[in-house]
Amino acid sequence: MPELPEVEITRLSFASRIQGARTTGVRVGKPLRWPIGCDPQHLLSQSVGEVVRRGKYLWLPLESGGLLLHLGMSGSLSFAANVGEPGRHDHFDLSTTKGTLRLTDPRRFGAVVWSPSMHSGPAAKLLCGLGLEPFDAEFDGAYLKSALRSRSGPIKQALLSGAIVVGAGNIYACEALFEAGIDPRTRSSKLSLARCERLAAAVRRTLARALDLGGSTLRDFRDAHGIAGEFQLHAQVYGREHEPCARCSAPIRRIVQGQRASYFCGRCQRR
DNA sequence: AAGTGGACCTGCTAGC
DNA sequence: TGCTAGCAGGTCCACT
């Protein structure tokens with residue numbers, strides 16, 4: 001579900017409200033992707049620091065370490081003073097003096113993992129292979145060109161891997177490639193510097209636009225106030241197989257790459 | 001090292 | 001109306 005814009009919108013919707021609160025209770029429901037990795041008692045009576053994002057992960061700092069959160073495909077976080085009884089898909093609650101942070105995740109691909117810090121233990125292991133943040137000044141055409149040099153596979157899969165640049169998932173990778181006029185099947189190492197520059201700019205613009213629009217809500221996504229996004233209404237290619245391309249009217253195509261759907265315009269997007 | 005396919009889990013929808 | 005196959009925003013891991 002949640003790509004970088006959705007994760008960042010979620011963070012913005014509760015980080016300032018939970019900061020400085022003190023933890024008062026923990027409820028662990030059905031198993032998520034990994035075990036939490038600590039005795040839940042260990043999380044009690046600690047003050048909460050500033051929530052930060054790295055890629056699609058959120059780091060929630062506590063005094064004796066912190067929690068690395070991931071929303072998987074169908075996860076969302078809510079934060080409210082009165083949360084009520086947990087529903088069937090509510091698998092983690094962290095109660096604090098300012099409200100309860102609750103992870104709702106029907107498919108349970110999400111995760112809540114304790115780590116002594118962001119830069120050690122399980123968190124470090126999960127974060128260490130990640131590429132640049134898309135809004136980092138270092139992320140530009142020259143960086144992309146260099147990072148893609150050793151990659152023979154399709155550019156779409158290189159973007160999705162997160163090893164070069166983080167944050168673009170299936171929707172935004174498709175949209176960014178459309179904006180840059182690049183066929184998703186193009187071999188990564190074949191992209192010219194000029195096209196790498198266009199692609200880096202397109203990734204940033206696509207993610208920034210999604211942030212402006214509150215992210216994409218296909219079905220599950222809500223921010224921590226329960227508000228849906230509307231980028232999906234503005235998508236040019238994602239989920240639009242057979243519809244006419246907004247730029248040239250050719251029908252949008254759908255193919256499968258690495259077991260994921262790719263949508264693109266066969267006329268506007270070149271190899 | 002980089003590419004590929006399978007795995008995890010539930011819910012919804014299109015088609016018969 | 002009811003069943004089934006196929007599909008869904010992610011990403012780790014084992015294997016080549």
Side-chain angles (χ1 to χ4, degrees), chain A residues 1-10 29-35 37 53-58 68-77 87-92 103-113 122-131 146-177 184-190 203 206-207 210-211 213-223 228-235 237-242 254-263:
Chain A
M1 149 213 196
E3 307 182 31
L4 182 147
E6 292 76 30
V7 176
E8 179 65 8
I9 285 156
T10 297
K30 280 192 182 181
L32 294 163
R33 177 157 191 176
W34 297 292
R53 180 189 56 74
R54 174 72 174 107
K56 298 171 192 169
Y57 289 91
L58 292 177
L68 192 68
L69 310 173
H70 198 285
L71 302 179
M73 288 280 264
S74 56
S76 59
L77 290 171
R88 58 187 268 129
H89 299 309
D90 298 332
H91 303 304
F92 179 80
L103 175 66
T104 304
D105 185 3
R107 292 177 72 180
R108 291 193 280 126
F109 289 168
V112 179
V113 175
K125 186 176 178 227
L126 290 166
L127 299 176
C128 73
L130 297 183
S146 166
L148 294 174
R149 196 176 39 206
S150 59
R151 296 205 163 233
S152 60
I155 183 60
K156 164 81 181 317
Q157 284 163 264
L159 286 179
L160 279 188
S161 79
I164 296 168
V165 60
V166 295
N170 210 28
I171 297 177
Y172 303 122
C174 290
E175 295 299 315
L177 286 166
R185 300 166 294 184
T186 309
R187 285 178 173 274
S188 302
S189 58
K190 300 283 187 180
V203 166
T206 301
L207 295 174
L211 277 164
L213 291 168
S216 297
T217 299
L218 264 42
R219 70 163 48 95
D220 301 301
F221 174 68
R222 297 291 187 278
D223 72 13
E230 49 186 61
F231 178 93
Q232 72 284 357
L233 304 173
H234 299 258
V237 290
Y238 184 85
R240 299 197 180 277
E241 185 181 20
H242 304 317
R254 179 187 184 278
I255 61 173
V256 174
Q257 296 179 284
Q259 309 171 118
R260 311 295 302 278
S262 292
Y263 298 88

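By convention in this document, chain letters (A, B, ...) are assigned in the order of the sequence lines, proteins followed by strands, and residues within each chain are numbered from 1.
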| task | Compare the minimum distances between each of C:dC13, C:dA8, C:dG10 and the side chain of A:Tyr238, then state the nucleotide with the smallest one. | result | C:dA8
| So, do A:Lys156 and A:Cys174 sit near enough that their side-chain heavy atoms are less than 4.5 Å apart? | yes
Under-3.5 Å N/O pairs linking protein and nucleotides 11-15 of chain B:
from: B:dG11; atom 1: OP1; to: A:Arg88; atom 2: NE; distance (Å): 3.0
from: B:dG11; atom 1: OP1; to: A:Arg88; atom 2: NH2; distance (Å): 2.8
from: B:dG11; atom 1: OP1; to: A:His89; atom 2: NE2; distance (Å): 2.8
from: B:dG11; atom 1: OP2; to: A:Arg88; atom 2: NH2; distance (Å): 3.2

| field | Candidate pair A:Ser189 and A:Leu148, rule side-chain contact (heavy atoms from CB on, under 4.5 Å), full reasoning | value | CA-CA 5 Å; A:Ser189 58; A:Leu148 294 174; 5.7 Å; no
| said: Less than 4.5 Å apart, side chain to side chain, heavy atoms only: is that true for A:Phe109 and A:Arg33? | reply: no
| Note, A:Tyr238 side chain near A:Gln232 side chain (heavy atom, < 4.5 Å) | no
| Using a cut-off of less than 4.0 Å, is there contact between a side-chain N or O of A:Lys30 and OP1 or OP2 of B:dT10? | yes
| request: Using the test side-chain contact (heavy atoms from CB on, under 4.5 Å), find all partners of A:Ser161 that sit at least two apart in sequence or belong to another chain. | output: A:Arg151, A:Ala163
| query | Expressed as a whole number of Å, how far does the P atom of C:dT1 sit from that of B:dG11? | reply | 22 Å
| query | Is A:Asn170 close to A:Leu160 at the side-chain level, that is, under 4.5 Å between some pair of heavy atoms? | reply | yes
| field | Side-chain heavy atoms of A:Ile9 within contact of A:Leu211, under 4.5 Å | value | yes
| Rounded distance in Å - CG (A:Leu103) to C1' (C:dG10) | 14 Å
| task | Determine: side-chain N/O of A:Lys125 to OP1/OP2 of C:dC13, distance under 4.0 Å, yes or no. | result | yes
| Within a strict 4.5 Å, meaning less than it, do heavy atoms of the A:Tyr172 and A:Pro5 side chains meet? | yes
| said: For A:Thr206 and A:Glu175, which I'm curious about, is there any donor-acceptor pair between the side chains at under 3.5 Å? | reply: no
| field | Stem regions touching DNA chain B, defined by at least 3 consecutive Watson-Crick or wobble G-U pairs below 3.5 angstrom | value | B:2-8 with C:10-16, B:10-16 with C:2-8
| task | Grab the CG-C1' distance between A:Asp105 and C:dA8 for me, whole Å please. | result | 13 Å
Between the protein and nucleotides 5-7 of chain B, which nitrogen or oxygen pairs come in under 3.5 angstrom?
from: B:dG6; atom 1: N7; to: A:Gln259; atom 2: NE2; distance (Å): 3.2

| field | Gap between atoms CD and P, on A:Glu241 and C:dG6 respectively (whole Å) | value | 16 Å
| request: For the residue pair A:Pro2 and A:Lys56, establish whether any side-chain heavy-atom pair is separated by less than 4.5 Å. | output: no
| So, A:Phe109 and B:dC8: ring centres less than 5.5 Å apart, planes less than 30° off, yes or no? | yes
| Nearest to side-chain heavy atoms of A:Arg108, which nucleotide of C:dG9, B:dT10, C:dT11 | B:dT10
| Between the side chain of A:Arg187 and the main-chain N/O of A:Ser152, is any donor-acceptor distance below 3.5 Å? | yes
| note | Taken to the nearest whole Å, CD1/A:Ile164 to P/B:dA1 is 15 Å
| task | For C:dG9, take OP1 and OP2 only and decide whether either is under 4.0 Å from a side-chain N or O of A:Arg260. | result | yes
| task | May I ask you to evaluate whether A:Tyr172 reaches the phosphate of C:dG9, defined as a side-chain N or O under 4.0 Å from OP1 or OP2? | result | no
| query | Using the P atom in both, what is the distance from C:dG6 to B:dG6, to the nearest Å? | reply | 15 Å
| query | Taking side chain as C-beta onward, heavy atoms only, is A:Leu4 less than 4.5 Å from A:Arg53? | reply | yes
| task | Let me know the distance between CG of A:Leu32 and P of B:dT10, rounded to the nearest Å. | result | 11 Å
| Rounding to a whole Å, what distance do you find between A:Leu160:CG and C:dT11:P? | 9 Å
| request: Using a 4.0 Å heavy-atom cut-off across all strands, classify A:Tyr57 as base, sugar-phosphate, or nothing. | output: sugar-phosphate
| task | Would you mind reading off the distance between A:Lys156 atom NZ and C:dT11 atom P, rounded to a whole angstrom? | result | 13 Å
| query | When the nearest nucleotide of DNA chain C is assigned to A:Ala261 and to A:His70 on a heavy-atom basis, which residue is associated with the more 5' position? | reply | A:Ala261
Got a list of protein N/O to nucleotides 2-4 of chain B N/O distances below 3.5 Å?
from: B:dA2; atom 1: OP1; to: A:Ser150; atom 2: OG; distance (Å): 3.1
from: B:dG3; atom 1: OP1; to: A:Ser152; atom 2: N; distance (Å): 2.8
from: B:dG3; atom 1: OP1; to: A:Gly153; atom 2: N; distance (Å): 2.7
from: B:dG3; atom 1: OP2; to: A:Arg151; atom 2: NH1; distance (Å): 3.0

| said: According to side-chain contact (heavy atoms from CB on, under 4.5 Å), who are the partners of A:Leu126, at least two apart in sequence or on a separate chain? | reply: A:Trp34, A:Tyr57, A:Leu68
| What is the distance from CE of A:Met73 to P of C:dT11, rounded to the nearest Å? | 10 Å
| A:Arg187 near the nucleic acid: base, sugar-phosphate alone, or nothing, with a heavy-atom cut-off under 4.0 Å? | nothing
| Is the closest side-chain donor-acceptor distance between A:Thr10 and A:Asp223 under 3.5 Å? | no
| task | Determine, step by step, whether A:Leu103 and A:Val112 satisfy the side-chain contact (heavy atoms from CB on, under 4.5 Å) criterion, reporting the C-alpha distance in whole Å, the side-chain angles of both residues, the deciding distance to 0.1 Å, and the verdict. | result | CA-CA 9 Å; A:Leu103 175 66; A:Val112 179; 3.9 Å; yes
